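The structure under discussion appears below in the form of structure tokens.
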Amino acid sequence: EHNGTVKAELTKKEKKEDFPLLIQWDERWGYGSYGSSSIGISGCGPTCLSMVIYGLTDNEMATPDKVARYFEEQNYYIEGTGTSWDLMTAGAAAFGITGSELSLDETAMKQELDAGHPIICAMRAGDFTAAGHFIMIYDYDKKGFFVNDPNCKARSEKRWTYDELQGQI
């Protein structure tokens, strides 16, 4: 029905949130191409980065389809693998943010979140994926970490303890 077209804009509700949950298979951008697939199937990386870009800069033009298109053009999409990790570091600079790697340490993660720095995690097989997937962590409380999973609203509503996440990141 959409024939690969997208009409991407953030909603008023999303614009009011610090880090809105954007779903990669949302009809606003999910049908857009990404590599040999679509954003809906393979676009977890650009969707996570889109959430971070909006949360840090209020750039509502950095929707998942635009982020995916730019990074595909810049060769951050690897055929057969998906999004290159370099998208989250070197590629993020194209949108005015700085990405860096940090250790998989609960204290380090909380320090980054306390400083207002969301975290994008590459996940291995487990609760979030059977193969590979990106999620975004934007806060924490006594119950655990607040996660935006671009592929699942239900997993995004749950608090995740460090112990639950650690073996999957």
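Model, not experiment: these values are computed from the prediction. Keep in mind that the numbers below use all heavy atoms, side chains included, and drop hydrogens, waters and symmetry copies.
Hydrophobic clustering (ILVMFWY, side-chain heavy atoms < 4.5 Å, transitive): Ile119 and Met123 are in one cluster. In the hydrophobic clustering of this structure, Val147 does not group with Leu49; members are Ile, Leu, Val, Met, Phe, Trp, Tyr whose side-chain heavy atoms approach within less than 4.5 Å, directly or through other members. Hydrophobic cluster membership differs between Met109 and Ile120, with clusters built from Ile, Leu, Val, Met, Phe, Trp and Tyr side chains linked at under 4.5 angstrom. With hydrophobic clusters built from ILVMFWY side chains whose heavy atoms lie under 4.5 angstrom apart, Leu56 does not share a cluster with Met61. Both Leu102 and Ile135 sit in one connected hydrophobic cluster of ILVMFWY residues. Membership requires side-chain heavy atoms under 4.5 Å apart, directly or through other members.
With salt bridges taken as basic N to acidic carboxylate O contacts below 4.0 Å, none links Lys66 and Glu60. Between Arg69 and Glu73 there is no salt bridge, since none of the side-chain N atoms of the basic residue sits less than 4.0 Å from a carboxylate O of the acidic one. The pair Lys13-Glu17 meets the salt-bridge criterion, since a charged nitrogen lies less than 4.0 angstrom from a carboxylate oxygen. Note on Lys158 versus Glu164: salt bridge recorded, some NZ/NE/NH1/NH2 to OD/OE distance being below 4.0 Å. A salt bridge links Arg159 with Asp141: at least one charged nitrogen is closer than 4.0 Å to a carboxylate oxygen.
No more than 12 heavy atoms of other residues, nucleotides or ligands sit less than 6.0 Å from atom CD1 of Ile41. The environment of Glu9 atom CD is sparse: at most 12 non-hydrogen atoms of other residues, nucleotides or ligands sit within 6.0 angstrom. Within a 6.0 Å radius of NZ in Lys153, no more than 12 heavy atoms belonging to other residues, nucleotides or ligands are found.
With rounding to the nearest 0.5 angstrom, the CG atom of Leu104 is 11.0 Å from the CD atom of Gln168. For the atom pair OG of Ser84 and OH of Tyr76, the computed distance is 7.5 Å after rounding to the nearest 0.5 Å. Summarising the geometry, atom CD belonging to Glu157 is positioned 8.5 Å from atom CG belonging to Leu21; distances are rounded to the nearest 0.5 Å. The OH atom of Tyr140 lies 9.0 Å from the CD atom of Glu106; values are rounded to the nearest 0.5 Å.
Closest approach of Ile53 to Val67, counting heavy atoms only: CD1-CG2, 4.1 Å. In terms of heavy atoms, Ile137 sits closest to Leu165 at CD1-CD1, 4.0 Å. For the residue pair Leu22 and Ser50, the shortest heavy atom distance occurs at CD1-OG, 3.6 Å. The heavy-atom pair separating Leu113 from Tyr138 by the smallest distance is CD2-C, 3.6 Å. Between Ser156 and Asp149, the closest heavy-atom pair is OG-N, 2.8 Å. Nearest heavy atom pair, residue Trp29 against residue Ala8, reads CE3-CB, 3.7 Å.
A donor-acceptor pair under 3.5 Å is formed between the side chain of Trp25 and the backbone N or O of Asn151. Side-chain N or O atoms of Asn148 include one that pairs as donor or acceptor with a backbone N or O of Phe19 at under 3.5 Å. Although no hydrogens or angles enter the test, the distance criterion places no donor-acceptor pair under 3.5 Å between the side chain of Arg124 and the main chain of Gly132. For Glu79 (side chain) and Gly35 (main-chain N/O), no donor-acceptor pair under 3.5 Å exists by modelled atom type. Judged by distance alone, with hydrogens and angles left aside, the side-chain atoms of Gln24 form no donor-acceptor pair with the main-chain N or O of Thr47 at under 3.5 Å. Under the 3.5 Å distance criterion, the side-chain polar atoms of Tyr54 are matched with a main-chain donor or acceptor of Lys15. In terms of modelled atom types and a separation under 3.5 Å, the side chain of Asp105 and the main chain of Ala108 share a donor-acceptor contact.
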(message) Is there a ring-ring contact (aromatic ring centres under 6.0 Å, His included) between Phe95 and Phe71? Walk through the geometry before answering.
(response) CA-CA 11 Å; Phe95 289 90; Phe71 290 119; 5.6 Å; yes
(message) Please evaluate residues Tyr34 and Ser42 with respect to the criterion side chain to side chain contact (heavy atoms under 4.5 Å, CB included), reporting the C-alpha separation (whole Å), side-chain torsions for both, the decisive distance (0.1 Å), and the verdict.
(response) CA-CA 7 Å; Tyr34 188 53; Ser42 301; 4.1 Å; yes
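Contact of the Cys44 side chain with the Thr83 side chain is not registered, since no non-hydrogen atoms from C-beta on lie closer than 4.5 Å. For the pair Cys48 and Phe134, the minimum side-chain heavy-atom distance is below 4.5 Å. Residues Tyr77 and Ser36 are in side-chain contact: their nearest non-hydrogen atoms beyond the backbone lie under 4.5 Å apart.
Sorted by first and then second residue, the ring pair (Phe, Tyr, Trp, His ring centres under 6.0 Å) pairs with a member in residues 107-130 read Phe128-Trp160; sequence neighbours excluded.
For Thr63 and Asp65, the side-chain atoms include at least one donor-acceptor pair closer than 3.5 Å. Side-chain polar atoms of Trp85 and Glu101 form a donor-acceptor pair below 3.5 angstrom.
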